[in-house]
Amino acid sequence: MADRRDFLKASLLGASALALAGKAGADTAGSGKPAGGARVVSTWDFGVAANQAAWAVLARGGHALDAVEAGAMVPEADLKNHSVGRAGYPDRDGHVTLDASIMDADGSCGAVAALEHIAHPIQVARRVMERTPHVLLVGEGALQFALEQGFPREELLTPESEQAWKEWLKTAHYQPSANSEVRDYGKTGLPGGKDNHDTIGMLAIDASGRLAGACTTSGMAWKMRGRVGDSPIIGAGLYVDGEVGAATSTGVGEEVIRNAGSFLVVELMRQGRSPQEACHEAVMRIVKKRPGASKDLQVGFLAMNRYGEVGAFAIQPGFSYAVCDARKQDGLLPAKSVF
Ligand code: ASP
């Protein structure tokens with residue numbers, strides 16, 4: 001039995017190694033550096049501006065981890081962005097609660113969930129990673145930690161967000177229950193409909209070939225108090241493995257968590273899929289389990305392998321991702337989709 005297990009393990013390792021070795025041509029003469037040099041990618045059109053901040057770090061030879069942190073802070077600070085950071089729409093009770101995660105190539109990671117009153121949750125996530133023995137801090141405890149670390153306590157609900165919330169309250173018909181059917185999301189305007197999502201997920205490879213990723217969001221607008229999506233869950237909204245690649249997601253976080261989405265994408269790349277193929281397959285897992293939901297449900301994955309190759313795939317059309325490298329700093333590409 002042990003022999004058989006060892007044999008299977010050796011075969012699987014061999015298959016992974018072969019799959020990755022097949023891509024070795026993309027490497028720069030075996031230097032371990034990405035063939036295309038440094039590159040950063042991120043979700044949605046606001047990723048273009050975020051990428052530029054990340055690129056400023058990468059272009060001077062900086063670390064991918066510093067790049068994704070700097071990049072994620074751009075939409076967090078943008079008062080016009082109502083899905084990330086300071087101006088994010090609140091939950092159904094009017095509280096702005098933020099989720100974020102950050103991960104390095106060696107598996108180091110940190111995250112915060114349901115964090116209130118702190119404008120840059122990605123920075124707190126990094127502190128969790130670097131200054132605590134833990135991975136994830138939530139709610140009051142996350143706030144306490146952030147304040148102890150010197151982050152200022154701020155009112156995050158902007159007048160525009162408050163106005164939008166009050167408008168929503170007038171017509172609100174979101175009565176979540178344990179039995180809520182996912183397929184009702186889009187039709188009834190429940191969170192997760194194709195117009196009620198956004199998150200920045202950012203992946204970078206630096207000039208030395210180091211990968212890192214970050215993900216930050218205010219989660220779904222008008223969510224139940226205490227609801228946490230995929231973004232701060234390592235393996236769901238973000239996953240990085242320096243030997244293989246990195247992935248991040250956007251859309252209905254519940255579906256991503258149920259399928260350990262970003263981990264799945266990275267594992268599919270480990271088995272030899274291109275970033276594009278891996279994102280496609282991970283999306284199809286969700287679609288297969290939710291056939292009735294797929295027309296109204298959005299989930300998108302974005303991935304980068306350790307050679308800097310990029311791919312993306314979504315359930316619905318409309319998911320875009322921004323790419324920035326030495327050749328082009330403001331690229332925005334539409335992701336392929338199921339429908
Ligand atoms: N994935 C995020 C969440 O579920 C939301 C989004 O991407 O729009 O919280």
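Predicted model, so just to flag it, every value in this text is computed and none were measured. Whatever order the structure lists ligands and atoms in, that order sets their numbers, starting from 1.
- Partners of Ala164 according to the side-chain contact (heavy atoms from CB on, under 4.5 Å) rule, which considers only residues two or more places apart in sequence or in another chain, are Tyr89, Trp222.
- Contact between Ser83 and ligand 1 is absent, with no heavy atom of the residue lying under 4.0 Å from the ligand.
- Scanning for side-chain contact (heavy atoms from CB on, under 4.5 Å) contacts around Ala59 gives Trp55, with sequence neighbours left out.
- Considering backbone and side-chain atoms alike, Val252 places every N or O at 3.5 Å or more from each N or O of ligand 1.
- A donor-acceptor contact closer than 3.5 angstrom is absent between the side chains of Asp91 and Thr97.
- Looking at ligand 1, you won't find any N or O of Glu254 less than 3.5 Å from one of its N or O atoms.
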Asp99 and Ser231: CA distance, side-chain angles, deciding distance, side chain to side chain donor-acceptor pair (under 3.5 Å) verdict: CA-CA 6 Å; Asp99 300 335; Ser231 306; 5.6 Å; no
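- Taking any N or O of Thr217, backbone or side chain, none lies under 3.5 Å from an N or O belonging to ligand 1.
- Looking at Gly251 next to ligand 1, an N or O pair under 3.5 Å apart turns up.
- Taking hydrophobic clusters as Ile, Leu, Val, Met, Phe, Trp and Tyr residues chained together by side-chain heavy-atom distances below 4.5 Å, Tyr321 does not share a cluster with Leu332.
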Glu162 vs Lys166, salt bridge (charged side-chain N to carboxylate O under 4.0 Å, His left out): CA-CA, chis, key distance, verdict: CA-CA 6 Å; Glu162 187 172 11; Lys166 285 183 173 158; 3.2 Å; yes
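- Residue contact check for ligand 1: Lys223 places no non-hydrogen atom closer than 4.0 Å to it.
- Looking at ligand 1, you'll find an N or O of Arg227 within less than 3.5 Å of one of its N or O atoms.
- Residue-to-ligand polar distances keep Asp99 apart from ligand 1: every N/O pair is separated by 3.5 Å or more.
- Clustering ILVMFWY residues whenever any of their side-chain heavy atoms sit less than 4.5 angstrom apart, transitively, puts Ile234 in the very cluster that holds Val244.
- Residue contact check: Thr250 has heavy atoms under 4.0 Å from atoms 6 (C), 7 (O) of ligand 1.
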